[in-house]
Colleague: 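Sharing a structure, written as structure tokens. Questions coming.
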Amino acid sequence: MTITHVAIDTARMRAEEFPLSREWAYLNHASVGPLPQRTLRALDEVNRLFARPHVWEAGDRGQPACAVRAAIAGITGAQAQRVAFVASLAHGISICAAGIDAKPGDNVVIPQSEYPSLALPFLAQEPRGLQVRWAPKSPEGRTDLDAIARAIDGRTRAVALSHVEFADGFRNDLAALGQLCRDRDLLLIVDATQSLGAIRLDVDGWGVHAAVAHGYKWLHAGFGVGVAVFSEEGLERIRPTHAGSSSVCDNPYVPEPVLTWQPTAERFETGGLPYTLIHGMQASLTLIDEVGVDSILPHAEQLVDRLNDGLAGTGYTVASSLIPAERSQIVAISSGNRERDTRVQVQLAEAGVVTALRPRGIRVAATFYNDAGDIDRLLDALPAL
Ligand SMILES: Cc1ncc(COP(=O)(O)O)c(C=O)c1O
């Protein structure tokens, strides 16, 4: 795959799409990605339409969903018909956890310290006998491929983990994990909430069976809408466990409907879609397309490098891995003392620099419209140690 990235016109992005950047150095996209101006306009337009629903019904109401499925397929190396809408990461992972074929005593391997919405849906499968086996972190606190391999046994059916980790931005090697799972005939189920929209995924190439992401972070699409992207094999091996009028291909509006599952990922969608939110997501995806998804990570990494250089000699350090294959657009920085980090994060907020306190320190998460000025503002606001 040829990856092309181009310099981003941050000044235009800031002025046209993200007016919050005039006031704040917003470096908290790993918590919530702000809605671009075009998305606000799209949401306003569709909400107005819903005040006259018959007009909306008479239009091409399926178009935004088709456009989003195509756009998501384009940045995940999948096909549009393998993209389903979900309400959250927890919802999409619950579909996967409930749908995997497992006998009592079978297990799924999950690294420790994942975002709770990844692990809890599997723990909820305990009544049918599915168990969770935790893979320990390395002594440096990183997810360890060897530990995952060691946790796998003859009863393992799946490995589930995040692509980019919420605590410190550690990026897991999904190609290597895909190989590990292929060799053992296991499903690979991925939480892509901290990567989709900022990093190109290659679901088919890597051997991921399902990648799920909530839309309110790097997709800039707000709460309540996310996507689940399946591989062909994922679609075959993850059985739908809930049904509704959208799940079937035969006309269900008959006295005795028949349950004939859609061959596409729509089988997981059950009822009416969140059309309003999908309309907003469509607008946000046009912006990501305009910027070019392949440009976002290199841009953010340059900002991380500037941050790392600026921290030299201050006593603060980057707590995240900066190894090229492991780093991402998210880093945690730390003064080495949790209580002090807590105070510093508040001081940064008072200075207009928005970050988040997470287990490995102060999390800094920049994206395509952030610029060197945002990083310099953070560095200037850091109290001396
Ligand atoms: C890695 C990761 N996954 C998922 C989520 C959100 O999960 P949910 O959509 O279930 O609220 C977050 C939110 O911070 C996250 O960091």
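In listed order, ligands and their atoms are each counted from 1.
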Colleague: Quick check for you: to the nearest 0.5 Å, what is the distance between E114 atom CD and D191 atom CG?
Modeller: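 Interatomic distance, E114 CD to D191 CG, rounded to 0.5 Å: 7.0 Å.
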
Colleague: Between ligand 1 and the protein, give all atom pairs where both partners are nitrogen or oxygen and the distance is under 3.5 Å, as lines of names plus distance to 0.1 Å.
Modeller:
residue: ligand 1; atom: 3 (N); partner: D191; partner atom: OD1; Å: 3.4
residue: ligand 1; atom: 3 (N); partner: D191; partner atom: OD2; Å: 2.6
residue: ligand 1; atom: 9 (O); partner: L89; partner atom: N; Å: 2.8
residue: ligand 1; atom: 9 (O); partner: H214; partner atom: ND1; Å: 2.6
residue: ligand 1; atom: 10 (O); partner: A90; partner atom: N; Å: 3.0
residue: ligand 1; atom: 10 (O); partner: S117; partner atom: OG; Å: 2.7
residue: ligand 1; atom: 14 (O); partner: K217; partner atom: NZ; Å: 2.7
residue: ligand 1; atom: 16 (O); partner: Q194; partner atom: NE2; Å: 2.8

Colleague: Write out all pairs satisfying salt bridge (charged side-chain N to carboxylate O under 4.0 Å, His left out) with one or both partners inside residues 172-185, taking only residues at least two apart or from two chains.
Modeller: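 As it turns out, the salt bridge (charged side-chain N to carboxylate O under 4.0 Å, His left out) pairs with a partner in residues 172-185, which skip direct neighbours, are D185-R237.
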
Colleague: Rounded to the nearest 0.5 Å, what separates atom CZ in R38 from atom CD in Q282?
Modeller: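 Nearest 0.5 Å value for the CZ-CD distance: 11.5 Å.
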
Colleague: Evaluate the side-chain proximity of V331 to R363: yes if any heavy-atom separation is below 4.5 Å, no if none is.
Modeller: no

Colleague: Please name all residues satisfying side-chain hydrogen bond (donor to acceptor under 3.5 Å, both in side chains) with E350, sequence neighbours left out, ordered by chain then number.
Modeller: none

Colleague: Go through the structure and list residues passing side-chain hydrogen bond (donor to acceptor under 3.5 Å, both in side chains) with T76, not counting sequence neighbours.
Modeller: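 So T76 forms no side-chain hydrogen bond (donor to acceptor under 3.5 Å, both in side chains) with any residue.
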
